[in-house]
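Structure, as structure tokens:
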Amino acid sequence: MTIDFSFLARYQDALLMGLGMTLRLTLIAFALGIVWGFVLALLRNSSIAPVRWIAAVYVEFFRGTPVLIQIFWIFYCMPIFLGTDLSNFTAAVLCLTLYGGAIMSETFRAGMKSIGREQYDACHALGLSPWTRATRIVLPQATLRSVPVLLSNGIGIFKESSLVSAIGMMELMFIGTTISNRTGRPVEVFTAVALIYFVVAFPLTRLVTWLEKRILKRFAI
Amino acid sequence: MEYEFQFHYILQAWPVLMEGLKVTVQLTVIANIIALTLGFVIALLVLSKYWLLRAPFALMIELFRCTPVLVQILWFFYCVPILFGIYLAPLPMGILALGINLACFNAEAYRAAIQAVPREQLDAGVALGFSPLQRVRYVVFPHAFRAALPVLITNGITLFQQSALVAIVALSDLMYMGRQVATQSYRPIETYTAVALIYFAISFPVSRVAAWVEQRLDAARA
Amino acid sequence: MTEIQPLVEMRGVHKNYGTLQVLSGIDLEMWPGDRLVVIGPSGGGKSTLLRIMMGLEDIRRGEIDLLGKRYITGHEQSGKTRIDSTLRKQVGMVFQHYTLFPHLTIISNLTLAAIKTRGMPKPAALDKGMQLLKRLGLESKAQSYPSQLSGGQKQRVAIARALMLDPRLMLFDEVTSALDPELVAEVEAVMLELAEQQMPMMLVTHDMWFAKNIASRVIFCAGGVVVEDGPPEQVLGDPVNPRTREFIERVFHIKT
Ligand SMILES: Nc1ncnc2c1ncn2[C@@H]1O[C@H](COP(=O)(O)OP(=O)(O)O)[C@@H](O)[C@H]1O
Ligand SMILES: [Mg+2]
């Protein structure tokens, strides 16, 4: 069979719309996930033991199960608990946020842990108050150190967002599958879809590497 | 909310779920074996002196790391037969797709670890008169494998979870069986919860092992 | 005639980490203008002694006065250590490993504590910081980040950061041991200059030449107690205690 990508031109708008939805889902879930992840990281450092445990179980559970099953669980099971239907958009955002938050809480935690004891000693020797220490020394360093990994997590959410096609969300993956089914030309369609994901994700991974180097250099003390 | 949990459905469906788990474990184990070896070879190729060897494999790594696994799986199932004339049963095809995906992630881990092999170790290998292949076998690989181990294990667990995606191409793994049971019994909550717990029960202990290995390596380094 | 009072007075300071007894009854007086060099075997508790003086560690038992006032008290019964935070502000410390804040510029490293803990207005703090940097020949680095400085420059900035707060006592814990040999002199020069200005200091060093030059007194600590205490010529040149003699011969490779 001959490979011919030209017919895809007819589906350009559909594919772009799908990409738009993928990006929208990713950005919303990423933004909400950062906030949720930061809260989770704080909860995991809480002085109240049960709070720490619940947060830990939550994080481990979302990290330890397939995202696909999380999506199914939220889409099919949540409505039974809530007593109202969830639109697939809500379910998709909810799932990616809950999952992304779990992943990113680990990133924040690693960032906080990476601040060495000497930094705390220095704060102490200079007589900095706990508040100044938290806001001027710990938080900026933890955040700076977390930025590249958080961005990587964002790329992860972008890729995982393809799974919400399984609950009929009309994003890039879903539209690709539909076009492939309609035209019977999976080679061109799936290659094109893969390339679209790649074109977005690849430059971002370069950005992560670049940021990592810059930040490492700053912290190479 | 009035929902009556009826977990006896799970007991009925248990043998079916276990059938699926067997497929999932098969997929994961074989793909990991492929990826642990192939990943190291790819890492060596990417670190080659020759641009012509480096470039295609560097591109391959980036392609697999920067696209969703779901797209990769669909691509393998629909495109590999057409493009390369390779017709495999669903299970070997799933293993192939996941194995190559994981090999690319492992190659990244190996590459970082190989670059971190201390210069003196390589020099010692030369001084002892090892051939280049022997140096790789006796000096580079042991060092790189040890240093990369926590990431290799983590990648392996991630693949275990990602393997659920083969359900979408009707490979009857744990996820697929779970979905069947959920629709046939009209008990999605019990079924999906049970399936999630099965995945968790396997990946959580292994992730603890990875954390433990990492701690030991850190302690050895300090 | 006013009676001279000791700058520091330690009485029976005990310290342990869990079951490990690190200091078992340190008695020590420091007089204004004293420059006390602490020597002793690795793991002998030198860093611990300085960290206690900085208020970084609890003590099990004993008391420390600073400037004639009670600074630190270890209550064995309650297991609590009382540290007077006003007096702690009179002490400055420089550590072995660079402890500059990596995310702040050099000038911000200097001014942060002055502004936040001493209530110094920002322009005044900047002014003072720049003056200190000028004295150290580092004014061109004010806007740089720590990672852009050499090890010697970083330690000099760390000294300046402590001096910003006008301490009455400076503590230096092996501040040159992490440095490349060619960078040691520039840091030692700064400390010698401080010595000339009669800044009281307590320091740990393994550099024999430097110890002789800067010390007005040397103490040898081992097994958690002060084994020998005296002027540098005596402790380093002709120690009384056989343990001190053995240590000095071994570490400094000289026959006494
Ligand atoms: N935070 C700590 N926890 C447990 N033990 C410690 C700690 N800090 C120091 N020690 C132990 O206390 C002893 C004295 O340490 P230190 O004061 O650093 O010695 P020095 O500076 O003379 O080499 C050592 O045996 C060391 O291992
Ligand atoms: Mg020490």
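Proteins come first, then strands; the chains are lettered A, B, ... in the order of their sequence lines, and each starts at number 1. Quantities reported herein were computed from a predicted structural model and do not represent experimental measurements. We use all heavy atoms of the structure for the numbers below, so side chains are in, but hydrogens, waters and symmetry mates are not.
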Could you grab the distance from atom [atom1] of [X] to atom [atom2] of [Y], nearest 0.5 Å is fine?
X: I189(B); Y: I80(A); atom1: CD1; atom2: CD1; result: 4.0 Å
X: T67(B); Y: K159(A); atom1: OG1; atom2: NZ; result: 7.0 Å
X: S162(A); Y: I73(B); atom1: OG; atom2: CD1; result: 9.5 Å
X: I82(B); Y: F190(A); atom1: CD1; atom2: CZ; result: 10.0 Å

Should T205(A) and C66(B) count as side-chain neighbours, where that means a heavy-atom distance under 4.5 Å?
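Yes, their side chains come closer than 4.5 Å.
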Side-chain heavy atoms of T191(B) within contact of W73(A), under 4.5 Å:
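They are not in contact (no side-chain heavy atoms under 4.5 Å apart), so the answer is no.
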Pick one of side chain, backbone, both or neither for [X], based on which atoms fall under 4.5 Å of a heavy atom in chain B.
X: S180(A); result: neither
X: I155(A); result: neither
X: S161(A); result: neither
X: Q70(A); result: neither

Does Q161(B) reach the main-chain N or O of L68(A) with its side chain, forming a donor-acceptor pair under 3.5 Å?
no
Give, as side chain, backbone, both or neither, the part of [X] having an atom under 4.5 angstrom from any heavy atom of chain A.
X: F204(B); value: side chain
X: E62(B); value: both
X: I157(B); value: neither
X: R179(B); value: side chain

Evaluate the ring planes of F61(A) and F200(B), with Trp represented by its six-membered ring, and classify them as parallel (under 30°), tilted (30 to 60°) or perpendicular (over 60°).
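Because their plane-to-plane angle lies in the 30° to 60° range, the rings of F61(A) and F200(B) count as tilted.
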Using side chain to side chain contact (heavy atoms under 4.5 Å, CB included) as the criterion, point out the one residue from F202(A), F198(A), Y197(A) that pairs with L63(B).
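Exactly one option meets the side chain to side chain contact (heavy atoms under 4.5 Å, CB included) with L63(B), and it is F198(A).
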